[in-house]
Q: 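The structure's right below; bear with me while I get my questions together.
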Amino acid sequence: MRLPIEAVLDDVVAAVKTHGRCVLMAPPGAGKTTRVPLALLPAVQGRILMLEPRRLAARAAAERMAATLGEPVGQTVGYRMRGAAKVSKDTRIEVVTEGILTRIIQSDPELAGIGCVIFDEFHERSLNADLGLALVWEVRGALRDDLAVVVMSATLDAGPVSALLDAAPVVISEGRAFDVETRWLDTPTPKTTRLEQAVADLVLCALDEAGGSALVFLPGEGEIRRTQALLSGRLPADCVLRPLFGAMDFAAQRAAIAPCETGRKVVLATAIAETSLTIEDVRIVVDAGRARRARFDAGSGMSRLVTERVSKAEAEQRRGRAGRVAAGTCFRLWTKGEEGALAGFPPVEIETADLTGFALDLAQWGAREDELALLTPPHAGALAEARSLLVSLGALTPEGRISDHGRALAALPTHPRLGHMLSVAGAQAAPLAALLGERDILRGAGSDLDLRLRAVHTQDRAADRAGLERIRQEAKRLRKGLAQTAPLSTGAMLALAYPDRIGLRRKGDDPRYILSGGKGAALDAQDALAGQRLIVVADTDGHPREARVRMAAPITEAEIRTLFESQIAWQPVCEWSKREGRVVARKRETFGALVLDDRTWPDAPKTEIARAALDGIRQIGLPWSESARRFAARVTLMRGTGIAFPDMSDTALMADLDWLLPYLKGAKSEAALRALDITQALHSLLDWSQTQTLERDVPAQFTTPMGRQVPIDYSGDAPEITVRLQEMFGTTRHPSVGPNRVPLKVTLTSPAQKPLQVTMDIPTFWKTSYTDVRKDMRGRYPRHPWPEDPSVADPTLRAKPRGT
DNA sequence: CTCTCCCT
């Protein structure tokens, strides 16, 4: 059969011959995976390496090409993937899974004997493909200008890839796929309608309007089960309902996609049916419009799942599944209007994934991320977290260079965490590493990892059979070349891989734990491990506030002390306790965020106690006494006049409390702090000349015309004095303070200290209302002077002697 | 409303 790709094969070969590079865009079904490598064979010196994102696809591509040549796999065409290879010295086309390429380049940077590297399905933008392309491009630039590079992609903006590869020629092939009609909703689904209900309704409508079997895309297993429940009994009699998702064992998956003998089938599937599994007779696609994705949180080193709207690229990929065998129809659970708001592409893996292995590969290659041809740069923070984890595992030196231990970890086919565990604990850790590298075989069976290990070692247990077999095989492969070492418990081995996830039970009845990395995690109250004081957490649901533990193992304090001796230390802690309202001085023995032991610290140095007491002040506020307020008010009057004086507002004083440090007198409790008089401390904020100026311009006391000292009250809006009216006789200028000459608020009293007048202007008072005051008072206090013009009278505090 | 999908 003639495939549409054949029309452009000559262009691809020509681009490789003259430019040594090419970007080929062709839709799924165009035949690029099987035709391009064979077409390039005569044009390439040496072997052709083709990368596939999935094992199944790699094997299938090799088989198809070998069949085209009329040979068995392993002669001209072979494949190589983790744990399986069919290649010989005659092999010229080698189909490999993406992770393999990094290994090949790291062990032989010249790529000796390889003439061309093809990246298939590059639009999926896996971390390995991005890294692989960057490394191959560097090899081509530095060591091998004859090395050809071909990037093949279905839906992708070709411009950036072409630019990345120094303006590589772009070849475009139009597809062969059958027409697929797209149907949108007329009106958006109301927010109150559950997704499963809306999907079920749309499926019934689709089956009614179009013929053939249906493929329904849902975000996850839960949605699949609930939609299944809603549909069962409501489907037309000739329809069978089949769920399909990754956690099902292989045989069940095969049964779900098997063609129907009679009638139609409705397959409820996750994204597994987007690329990995092809269902042959589908002519209807129903797209719920959601995608579940892992979001890795570098801070906690854990990932969680989020459900998001699909991107346009994913929706197109799903739509295409209706046109594999004949024209079809795609029903979208959104309106045409809503479609504009969808993202163009799903997030690329390098921006969302755990970068630990990536960072180790970079270190081994000896390049920084910004020196490589990466289409999307990794986030600096995520990369920094990855490197810090690698440093803590001893894989990188603190300067970021790879260590011998790091080289050993890079050679192991596992996450560096598990590699570290294998390298330290030896062969005994192989089953545990295999278990943790696979999907959980006992979902919902409690968190204890030993349950799972027992299932691997024995034949009983109703665990996922195929999963168990994969784990046994994997354990066998991992064990090779590892030494036998002193036996360790499951928890101790796990702690090597997850030193940041050792959990110490919090106080209280709930099985809640604080993890050594600082995050929280909780066990189910019924969980078999719920009584343990110390556990190591292998997996959680990734909830950002407090994650739920999915897999864990108990560990003893003695084991932690042995494994992490150098990281456990006594930390003196002198701090303000909000709860107790006082300074507490303790010594704590800590491992990361865990407190293993906690004792009082009776001989804490005074300076430490004072520092902690300042935190108390920060919490309770400055203990203002009346005299302190008065002083601060005087200083404030000096401000804003061009003369530099400190800001004595609460905010300014609290901003840096060091000035208070020498005046705390060993106060430790809230009561003692509140009893402090801070006047002296405030005085210390002024230097000698400021103090002199203050005393002169804003004195604490007012000197009356008689030479008597009267305190000035600075606590109100205006500075204030109270004085006997007679004592102010002779005053022709109203008294004031400060460089701005702020007038004093003067309360003039009778000889019996009763207020007679409050004035801001004594000379005017003499001339005006004094006359009335004099009239009233002269009779009541006849022995005191009440002159007609007080501005020229002598001040006095005395009365005339009786009888004169 | 328990866990998308891959890979060394």
Side-chain angles (χ1 to χ4, degrees), chain A residues 51-58 80-85 96-107 121 124-132 194-197 217-227 229 244-248 253 269-277 288 290-296 302-308 310 314 317-318 346-347 349 352-354 356-358 360-361 364 409-416 418-419 422 433-434 437-447 464 467 470 474 477-478 524 527 539-543 547-551:
Chain A
L51 270 64
E52 285 295 324
R54 281 165 290 279
R55 298 168 65 97
L56 212 62
R80 186 198 300 268
M81 59 192 70
R82 177 180 181 191
V96 300
T97 42
E98 286 171 346
I100 292 279
L101 178 71
T102 318
R103 291 287 106 80
I104 295 177
I105 298 188
Q106 296 278 25
S107 62
E121 314 279 15
E124 293 190 14
R125 297 296 311 280
S126 73
L127 186 49
N128 276 327
D130 275 11
L131 175 63
R194 289 199 56 166
L195 181 77
E196 291 84 346
Q197 187 63 57
F217 283 102
L218 287 157
E221 182 183 344
E223 289 85 353
I224 287 174
R225 294 207 185 285
R226 288 189 289 274
T227 308
L244 174 63
F245 48 89
M248 288 164 53
Q253 287 182 359
T270 61
I272 195 170
E274 260 175 40
T275 49
S276 307
L277 295 173
R290 301 298 148 94
R292 190 155 286 151
R293 315 183 200 282
R295 188 156 297 164
F296 182 75
M302 296 191 250
S303 65
R304 74 197 153 98
L305 293 174
V306 292
T307 309
E308 296 174 331
V310 278
E314 288 162 301
Q317 177 71 26
R318 293 176 179 187
E349 201 181 356
T352 57
D354 177 2
T356 316
F358 174 82
L360 187 60
D361 280 329
Q364 193 183 10
L409 300 197
L412 291 168
T414 60
H415 189 284
L418 299 178
L422 285 169
E438 285 276 339
R439 198 192 301 270
D440 189 6
I441 44 165
L442 284 179
R443 286 163 63 185
S447 72
D464 169 7
R470 271 200 307 279
E474 183 59 25
R477 271 202 295 276
L478 288 174
D524 220 54
D527 197 282
D539 188 29
T540 74
D541 68 1
H543 193 279
R548 190 149 289 271
V549 176
R550 290 215 192 97
M551 287 193 279

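On a predicted model such as this, the values are computed, not experimentally measured, just so you know. Proteins get letters first, then strands, A, B, ... in listed order; numbering begins at 1 in each.
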Q: Detail all sub-3.5 Å separations between protein N/O atoms and N/O atoms belonging to nucleotides 3-6 of chain B.
A:
from, atom 1, to, atom 2, distance (Å)
dC3(B), O2, R443(A), NE, 3.3
dT4(B), OP1, R292(A), NH1, 2.9
dT4(B), OP2, E221(A), N, 3.1
dT4(B), O2, R292(A), O, 3.0
dC5(B), OP1, G246(A), N, 2.6
dC5(B), OP1, T270(A), OG1, 2.8
dC5(B), OP2, R439(A), NH1, 3.4
dC6(B), OP1, S276(A), OG, 3.1

Q: Can R225(A) and E221(A) be counted as an ion pair, charged N to O under 4.0 angstrom?
A: yes

Q: Grab the CG-P distance between D354(A) and dC7(B) for me, whole Å please.
A: 17 Å

Q: More than 12 heavy atoms of other residues, nucleotides or ligands under 6.0 Å from CZ of R293(A): yes or no?
A: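 Atom CZ in R293(A) is packed in, count exceeds 12.
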
Q: For T540(A), which residues count as a side chain to side chain contact (heavy atoms under 4.5 Å, CB included) partner, sequence neighbours excluded?
A: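 Side chain to side chain contact (heavy atoms under 4.5 Å, CB included) list for T540(A), sorted by chain: M302(A), V537(A), A547(A).
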
Q: Give one of base, sugar-phosphate or nothing for T97(A), where a contact means two heavy atoms less than 4.0 Å apart.
A: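 It contacts sugar-phosphate atoms only.
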
Q: Quick check: on DNA chain B, is the nucleotide nearest R226(A) upstream (toward 5') of the one nearest I100(A), or the reverse? Name the residue that is more 5'.
A: R226(A)

Q: Give S126(A) one of three labels, base, sugar-phosphate or nothing, depending on what nucleic acid heavy atoms sit under 4.0 Å from its own.
A: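 Nothing: the residue S126(A), judged by heavy atoms under 4.0 Å, touches no strand.
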
Q: Using whole Å, report how far CD of E124(A) lies from C1' of dC7(B).
A: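 Going from CD in E124(A) over to C1' in dC7(B) covers 12 Å.
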
Q: For L305(A), I'd like to know if atom CG has over 12 heavy atoms of other residues, nucleotides or ligands within 6.0 Å.
A: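 Atom CG in L305(A) is crowded, with more than 12 foreign heavy atoms closer than 6.0 Å.
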
Q: With sequence neighbours left out, write down each residue that passes side chain to side chain donor-acceptor pair (under 3.5 Å) with T97(A), or none if nothing qualifies.
A: none

Q: Quick one: which of D524(A), D527(A), D541(A) gives a side chain to side chain donor-acceptor pair (under 3.5 Å) with R548(A)?
A: D524(A)

